[in-house]
Amino acid sequence: MTIIKLHNTKTRRKEVFTPLNPDNVRMYVCGPTVYDRAHLGNARPVVVFDMLYRLLRHVHGADHVTYVRNFTDVDDKINAKAAQTGRSIGDITAETIRWYLDDMGALGALEPDHMPRATAYIGAMIAMIEDLIAKGHAYAAGGHVLFAVDSYSRYGALSGRTVEDMIAGARVEVAPYKRNPMDFVLWKPSTDDLPGWDSPWGRGRPGWHIECSAMAQELLGASFDIHGGGIDLAFPHHENEIAQSCCAHPEGGFATVWMHNEMLLVEGKKMSKSLGNFFTVRDLLDQGIPGEVIRYVFLMTHYRKPMDWTADKAAQAQKTLENWRSVTRDLHPTPLSQFAPDPALVAALANDLNTHSALARVNELRTKPQKLLDNARFLGFLSDGYRQATSVQGIETTGNTAMPESSDMLSSLAQKLNDLRAVAMQSKDFADVDRLKAALLDAGIEVRMSKDGVELVPGPGFDPAKLEGL
RNA sequence: GGCGGGUUGGCGGAGAGGUUACGCAGCGGAUUGCAAAUCCGUGUAGACCGGUUCGAUUCCGGUACCCGCCUCCA
């Protein structure tokens with residue numbers, strides 16, 4: 001069996017991964033707060049943990065992995081959006097979830113086995129909070145329920161800080177009802193215009209962190225294997241999750257391995273609205289950048305390093321993928337039951353998700369197109385959708401430039417070019433040939449002429465309208 | 001102030017204490033009516049200063065610079 005090594009934030013070391021139960025490898029990844037389109041940074045953990053999911057399914061069997069990624073559908077940002085637009089919260093969250101799944105699907109990410117919504121687990125959260133109060137780890141005050149960080153000696157262990165250090169930094173919310181300034185909210189009161197649920201502490205809503213603790217407990221149990229997310233979540237979110245879960249369920253260890261992806265930069269700078277370099281996955285897709293190109297750019301960089309999104313990298317990735325597509329154009333994927341991924345590729349992934357090496361390995365397979373195709377698909381590339389969308393047949397399915405006959409048109413144009421060329425070979429007058437070729441190039445078509453004949457391959461900028469009259 | 005990460009050739013970006021990374025771009029060649037595509041070949045590294053070592057870009061320490069977190073954030 002493949003030995004998987006993963007970097008564990010908890011120990012700050014790369015460790016051999018040993019599942020608690022090999023028949024059910026369990027992974028929880030923090031999902032989005034659904035108030036708007038996912039921005040590019042939101043997509044990085046999705047792609048990173050999608051690769052881990054694929055690796056785990058390969059090593060342990062697809063039926064022996066459980067992947068949970070939540071939707072945070074109760075949050076003040078959602079409330080603000082509802083107030084601002086006049087739309088209902090349910091409407092906003094339902095639409096945003098749909099967008100999210102569409103956009104992440106475009107990036108080649110498999111859907112997790114469970115995608116729980118926080119609002120479906122309010123009861124479990126309330127029960128957990130009651131339990132924490134009963135065990136002396138939480139207290140009600142000022143209409144809120146707070147977690148008492150002083151009641152958990154290991155608070156701060158994951159992110160390598162102590163309560164004293166953080167108070168010295170003094171960047172904590174001052175609230176008179178807090179026993180310790182670092183105490184964080186488990187439950188807070190809701191006014192009538194805000195979403196709320198009846199609870200022993202009055203009508204209110206959960207704090208941010210408790211949902212992940214409750215849903216992980218419900219779906220994966222008190223101990224599970226991997227918990228993932230962006231590095232910015234390590235503190236406070238994950239630290240607080242650990243405190244809640246380990247205090248409520250001291251019999252369990254919560255997550256064994258903690259994995260965090262580094263942040264995303266855009267052209268060397270942090271993505272922010274004020275810098276004007278803020279954009280969503282959908283923005284890029286709408287610009288005509290295929291989701292697989294975004295996926296490739298993400299996987300070029302190791303997940304524990306900051307990843308810089310640049311137009312240059314996108315162009316490079318696009319070029320590589322077009323090459324892969326071109327080499328494998330006439331091939332059919334091997335049925336999964338008969339496919340085994342390349343050992344060197346699996347070894348790269350098993351080494352703390354060295355996706356860059358895995359991609360390099362696929363590139364080496366260019367001389368074996370069938371292997372290239374199958375292994376690229378194993379990594380989530382060269383999907384049917386991508387191959388179609390970038391082939392003649394697919395042009396018609398993209399909708400905006402419906403040209404059902406473009407395939408026939410191309411083959412007749414290829415024939416015409418071939419005939420002209422045959423004549424020109426005799427006459428040595430290539431003017432007509434060059435004229436037609438130039439027009440085809442202008443329409444975004446790659447012209448391949450060889451001794452065997454002429455091949456026309458539509459490129460990414462293919463514009464069928466320009467073929468009119470040729 | 002506290003915690004953490006980074007600095008590799010023109011660009012992106014890995015592994016490994018001593019042997020070619022790889023890709024892109026460049027250059028040379030094959031092929032081509034000219035191209036494209038493809039194939040072959042090829043140059044350029046390891047922020048700085050010390051230490052350990054027979055030998056370090058790779059281990060250890062320091063310096064400089066960059067970045068993230070500590071407040072909602074993937």
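Chain letters run A, B, ... following the sequence lines, proteins first and then strands; every chain starts at 1.
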Next item on the list: Look at all strands and tell whether Phe235(A) reaches a base, only sugar-phosphate, or nothing, counting heavy atoms closer than 4.0 Å.
Entry: sugar-phosphate
Item checked: Separation of the C1' atoms in C48(B) and C65(B), to the nearest angstrom -> 10 Å
Next item on the list: Can you tell me, in whole Å, how much space there is between the P of C22(B) and that of G43(B)?
Entry: 11 Å
Next item on the list: Considering only atom P, compute the distance from A14(B) to A47(B) and round it to an integer number of Å.
Entry: 15 Å
Check: Any side-chain heavy atom of Ile78(A) sitting closer than 4.5 Å to one from Thr72(A)?
Finding: no
Note to self: If you assign each of Asn323(A) and Thr301(A) to its closest nucleotide in RNA chain B, which residue comes earlier from the 5' end?
What the structure shows: Thr301(A)
Check: For atom P, what is the distance between G62(B) and G18(B), given to the nearest Å?
Finding: 25 Å
Margin query: Students often get this wrong, so: under 4.0 angstrom with heavy atoms, is Met263(A) touching a base, only sugar-phosphate, or nothing?
Written below: base
Margin query: So if I take every side-chain heavy atom of Asp434(A) and compare against G68(B), G33(B), G23(B), which nucleotide ends up nearest?
Written below: G33(B)
Next item on the list: Just say parallel, tilted or perpendicular for the rings of Tyr155(A) and Phe235(A), cut-offs at 30° and 60°.
Entry: perpendicular
Next item on the list: Describe the nucleic acid contact of Lys77(A) in one word from base, sugar-phosphate, nothing, applying a heavy-atom distance below 4.0 Å.
Entry: sugar-phosphate
Next item on the list: Can you tell me, in whole Å, how much space there is between the C1' of U58(B) and that of G17(B)?
Entry: 6 Å
Item checked: Nearest-angstrom distance from the residue atom CG of Asp312(A) to P of G26(B) -> 12 Å
Next item on the list: Sticking with atom C1', work out how far G26(B) lies from G10(B), rounded to a whole angstrom.
Entry: 8 Å
Margin query: Regarding His237(A), tell me which of base, sugar-phosphate or nothing describes its non-hydrogen contacts under 4.0 Å with the strands shown.
Written below: nothing
Next item on the list: Enumerate, in order of first residue number, the stems that involve RNA chain B, defined as 3 or more consecutive Watson-Crick or G-U wobble pairs with both distances under 3.5 Å.
Entry: B:1-7 with B:64-70, B:10-12 with B:22-24, B:26-30 with B:38-42, B:47-51 with B:59-63
Checklist line | N/O donor-acceptor pair, side chain Lys313(A) with base C11(B), under 3.5 angstrom | finding: no
Next item on the list: Evaluate the side-chain proximity of Ile242(A) to Trp258(A): yes if any heavy-atom separation is below 4.5 Å, no if none is.
Entry: yes
Check: Does Asp308(A) get its side chain close enough to the base of G12(B), under 3.5 Å, for a donor-acceptor pair?
Finding: no
Note to self: Categorize Gly229(A) for me: base, sugar-phosphate, or nothing, with a 4.0 angstrom heavy-atom threshold over every strand shown.
What the structure shows: sugar-phosphate
Please list, pair by pair, any protein nitrogen or oxygen found under 3.5 Å from a nitrogen or oxygen in nucleotides 2-7 of chain B.
| from | atom 1 | to | atom 2 | distance (Å) |
| --- | --- | --- | --- | --- |
| G2(B) | O2' | Asp165(A) | OD2 | 3.4 |
| C3(B) | O2' | Ser159(A) | O | 3.1 |
| U7(B) | OP1 | Lys305(A) | NZ | 3.2 |

Check: Say you pick atom C1' in C34(B) and the same atom in U42(B); how far apart are they, in whole Å?
Finding: 26 Å
Note to self: If I pick the C1' atom on A45(B) and the same atom on G13(B), what distance separates them, to the nearest angstrom?
What the structure shows: 12 Å
